[in-house]
There are 2 protein chains.
Amino acid sequence: MTVIFSKKCEYGLQAVLYLAAKEDSEVTSADEISKKLKIPREFVSKILQSLTESGIVNSKKGKSGGFSLAKKPEKIRLIDVVAAIDGLEIFKSCVLGFPQCSPEHPCPLHDKWGVLRTNAYNMLTDETLDMLKDKTLKKVRHISKT
Amino acid sequence: MTVIFSKKCEYGLQAVLYLAAKEDSEVTSADEISKKLKIPREFVSKILQSLTESGIVNSKKGKSGGFSLAKKPEKIRLIDVVAAIDGLEIFKSCVLGFPQCSPEHPCPLHDKWGVLRTNAYNMLTDETLDMLKDKTLKKVRHISKT
DNA sequence: GTTTAATCAGATAATTTAATCTGATTAAGA
DNA sequence: TCTTAATCAGATTAAATTATCTGATTAAAC
Ligand code: SF4
Ligand code: SF4
C-alpha cells in the first residue's frame with residue numbers, strides 16, 4: 001500500500017530526486033537508477049519516458065545514453081512531478097470518497113481535512129529538487145548498504 | 001483514484017457515519033445504506049461484515065435484519081474504522097516509497113511530511129462518530145438529491 | 001562501417017483491488 | 001408452519017495498477 005501517491009509517482013519522484021543529486025545535466029542510465037534505488041528497471045524507464053513528454057527530464061538515446069533533468073533543479077517543484085504522473089485529483093477529492101467535494105457540500109471532515117490537504121499541497125509547491133539534494137544523497141547511500 | 005484510504009475504507013467510513021446518524025441502535029439494511037450512499041450493495045455488505053468481526057458493528061440476520069453500531073457513537077473513533085479496514089501502515093510508511101521510514105534514515109521529505117502525517121493521525125483519533133452526526137446528515141441529504 | 005549499449009514503443013503478464021454472483025442460513029411475521 | 005426478506009460465506013468476475021518482455025531504433029566508440 002502506498003501512502004498518497006501511486007507507485008509510479010513514488011518511483012518518479014525518487015528518480016527525479018536522484019537525478020537532481022548528480023552534477024549538472026549529467027546523463028544517467030535507467031540501469032544505474034534502477035540499481036541504486038532498487039526499482040524495477042523497465043518500470044523506471046517507462047516512467048522517465050513519460051516525464052520526458054512532460055518536459056521534466058531529457059532522454060538521450062544510443063550508447064552512453066540515459067536520462068537527465070530538462071531544467072535546473074531549482075526550477076522543478078515536487079508538485080510538477082506529481083501533477084505529471086498522478087495528476088492533482090487528490091487535492092480536489094473527498095478523503096471519505098463522497099461525491100462532489102466542495103465548500104457548499106462539504107463532507108463531515110471538510111473543515112479539518114481541508115487544512116491538511118492545503119498544507120500538503122503547499123509543501124509540494126514550495127519544495128524544489130535542489131533543496132532536497134543533500135538529504136537525497138544520504139538516503140540513497142543508506143539504501144545501497146542494505 | 002482515492003485520496004489516502006482504499007475504496008473499501010472510504011465506503012466503510014461512510015457507512016459507519018451513516019449508521020451513527022440514525023437513532024440509537026436502529027437496525028439498517030445493507031440495501032438502504034447502499035441506496036442512500038450510492039455504494040454497490042454487495043460491496044458495502046461485505047465491508048460491514050468485516051467490521052462486525054472487528055466489533056465495530058453488529059449484524060442481525062433474517063427478515064428486518066441489517067446492521068447497527070456495536071458501541072455508542074461517541075466511543076467509535078474514525079481511526080478505529082481505518083485501523084480495522086486499511087490498517088495503520090500508511091502512518092508508518094514513507095510518502096516517497098523509500099524503504100525503511102525512520103528518523104534515523106529519513107527520506108528527503110521527512111521533516112515536513114512527518115508533521116502532516118501526525119496531524120492526520122491525530123485528527124482521526126480525535127474525531128468520534130457522534131461529533132460528525134449533523135454534517136453527515138446534511139451530506140447524505142445532498143447526495144440523494146443528485 | 002560495425003559493434004555495442006542505451007532508450008523507445010507497444011504488447012503482454014502478473015498482481016492487487018474492486019465489484020458481483022450464487023446458494024445457504026436465519027428469523028420475523030402472516 | 002410457511003413465506004419472505006434479510007445477512008452470511010465463499011467463489012467468481014472485472015477493472016485497475018504494477019511489472020516485464022520483445023523487437024526496433026538510435027548513437028557512441030572502435
Ligand atoms: S472534507 Fe470537504 S473538502 Fe475535504 S474532501 Fe471531504 S468534502 Fe472535500
Ligand atoms: S518523510 Fe521521513 S518520516 Fe515521512 S515518510 Fe519519508 S522517511 Fe518516513
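These numbers come from a predicted model, not from an experiment. Quick note on labels: first sequence line is chain A, next is B, and so on, each numbered from 1.
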Euclidean distance, atom [atom1] of residue [X] to atom [atom2] of [N] [Å, nearest integer]:
| X | N | atom1 | atom2 | result |
| --- | --- | --- | --- | --- |
| A:Gln14 | D:dT18 | CD | P | 13 Å |
| A:Gln49 | C:dA6 | CD | C1' | 12 Å |
| A:Leu48 | C:dA6 | CG | C1' | 14 Å |
| B:Lys35 | D:dA5 | NZ | C1' | 12 Å |
| B:Ile47 | D:dT7 | CD1 | P | 14 Å |
| A:Lys38 | D:dA19 | NZ | P | 16 Å |
| A:Glu89 | D:dT17 | CD | P | 12 Å |
| A:Met1 | C:dT16 | CE | P | 14 Å |

Would you call [X] and [Y] a salt bridge, using N to O less than 4.0 angstrom?
| X | Y | answer |
| --- | --- | --- |
| A:Asp134 | A:Lys138 | no |
| B:Glu127 | B:Arg77 | no |
| B:Glu32 | B:Lys22 | yes |

Could you list, one pair per line, each protein nitrogen or oxygen that sits under 3.5 Å from a nitrogen or oxygen of nucleotides 18-28 of chain C, together with the distance?
residue : atom : partner : partner atom : Å
C:dA18  : OP1  : B:Lys7  : N            : 3.0
C:dT26  : O2   : B:Gly62 : N            : 3.3

Those residues that, when tested against A:Lys8, pass salt bridge (Lys or Arg N to Asp or Glu O under 4.0 Å) (two or more places apart):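 With sequence neighbours excluded, A:Lys8 shows a salt bridge (Lys or Arg N to Asp or Glu O under 4.0 Å) to no residue whatsoever.
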
Would you please say whether a donor-acceptor pair under 3.5 Å links the side chains of B:Asp31 and B:Ser29?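 There is no such pair between these side chains.
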
Classify the angle between the aromatic ring planes of A:Phe43 and A:Tyr11 as parallel (below 30°), tilted (30 to 60°) or perpendicular (above 60°).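 The arrangement is perpendicular - the two ring planes meet at more than 60°.
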
